[in-house]
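As the structure lists them, so they are numbered: ligands from 1, and atoms in each ligand from 1. If you're wondering where the values come from, they're calculated on a predicted model, not measured in any experiment. For the numbers below, each heavy atom of this structure counts, side chains included, while hydrogens, waters and symmetry mates do not.
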Amino acid sequence: MWPTFKGEDWDRCMDQFAQEHFIVLDQFLPSNVLESVCTYFASVEAENLLKAAAIGPGKERTRISEIRSDFVHWLDRPLMPELDSFFDGMDTLRAAIAESLFLSLRGYEFHFAKYPEGAFYKPHLDQFNRRENRMISVVIYLNENWKREHGGSLKLHKPNEKLIEPIMNRMVMFRSDTVLHEVLTAHETRRSLTGWLLKHPATVGVLGI
Ligand code: OGA
Ligand code: MN
C-alpha cells in the first residue's frame, strides 16, 4: 500500500477503520524505510536520548510512572533527514486518511518508544483533557523475533477487545478519542515508532506524555 494509500485494498482498510475504529497492517514499511527507521532508533539509543515518559517533578512524576514506564524520544523532521522517506510516507498517509474519512488532519507528531523489561502503559485514551488535538494513533512495531511469551501486547478494551502482538513492521492505527487501550507488561525490550495524526499542526517543542 505504501506509498500511495490508494485503491481497493486501501478503501477496504478505511471501511474497516470507520466501523471498528482500528486496523492492523503487517509488513507496513518498505524494507528501505524500515531499515532507516531501525538504524535511526539504534543511534538514538546509542546516544542515550530516550527519556522516561513522565512529566513534572516529585509526586506528579511518581504518579505518572505508575501509569506508564516507557522511554521516548520525539522526532523532529528538520533535524532528521535520514527519516525523510518515513515522513514523506506519513504525509501521504495523513492526506489519504483525511480524504477517505472526511477529516481535517493538518499535522502529526511521532516518537520512538522503548519499553524495557517490566514496562507497561495502563489503560488510557490518547486524547487528553486539555489537549484534544490527537485524532488517530499510529504505532509501528520494531521487534524482531517477538514471541507470545514476551508479553507486551497492545490490548484494545473498547469499543471491542483485541490483543495485538508487537511484531516487526506491524502497524496498528486506531481512533485516539474512542479506543481505550493499554500496553501489557513487556518481558523483553519492546520498541516502537508511535505517533498521532493531528487536527491542527504540531506545535514546536512538543510537550507530549
Ligand atoms: C501510547 C500507546 C501503544 C503501543 O504510546 O500512547 O498507547 O502499543 N502505545 O505501544
Ligand atoms: Mn496510547
Trp196 touching ligand 1 at heavy-atom level, < 4.0 angstrom: yes
Ring centroid separation Trp2 to Phe28 under 6.0 Å: yes
Asp70-ligand 1 polar pair, N/O distance under 3.5 Å: no
Number of protein N/O/S atoms that sit closer than 2.8 Å to the Mn ion (ligand 2): 3
Derivation and outcome, ring pair (Phe, Tyr, Trp, His ring centres under 6.0 Å), residues Phe86 and Phe110: CA-CA 11 Å; Phe86 169 75; Phe110 280 91; 5.2 Å; yes
All pairs passing side-chain hydrogen bond (donor to acceptor under 3.5 Å, both in side chains) where residues 76-86 contributes a residue, at least two apart: Arg77-Asp84, Arg77-Asp88, Arg77-Asp91
Atom CD of Glu35: over 12 foreign heavy atoms under 6.0 Å: no
Donor-acceptor pair between Thr194 and His111 side chains, under 3.5 angstrom: no
Asp126 N/O to ligand 1 N/O under 3.5 Å: yes
Geometric N/O contact Tyr121 with ligand 1, under 3.5 angstrom: no
OG-CZ distance between Ser137 and Phe22, expressed to the nearest 0.5 angstrom: 13.5 Å
Within residues 151-162 or reaching into it, pairs that qualify as side-chain hydrogen bond (donor to acceptor under 3.5 Å, both in side chains) - sequence neighbours excluded: His157-Glu182
Nitrogen or oxygen atoms of His181 and ligand 1 under 3.5 Å apart: yes
Pair listing, side-chain hydrogen bond (donor to acceptor under 3.5 Å, both in side chains) test, anchored in residues 141-150, at least two apart: Arg148-Glu165
Sub-4.0 Å atoms of ligand 1 with respect to non-hydrogen atoms of Thr194: 5 (O)
Ligand 1 contact on Glu165 by region, counting heavy-atom pairs under 4.0 Å: neither
Glu45 with Arg191: basic N within carboxylate O range, under 4.0 Å: yes
Any side-chain heavy-atom pair of Leu198 and Leu105 under 4.5 Å: no
Any Glu182 heavy atom less than 4.0 Å to ligand 1: no
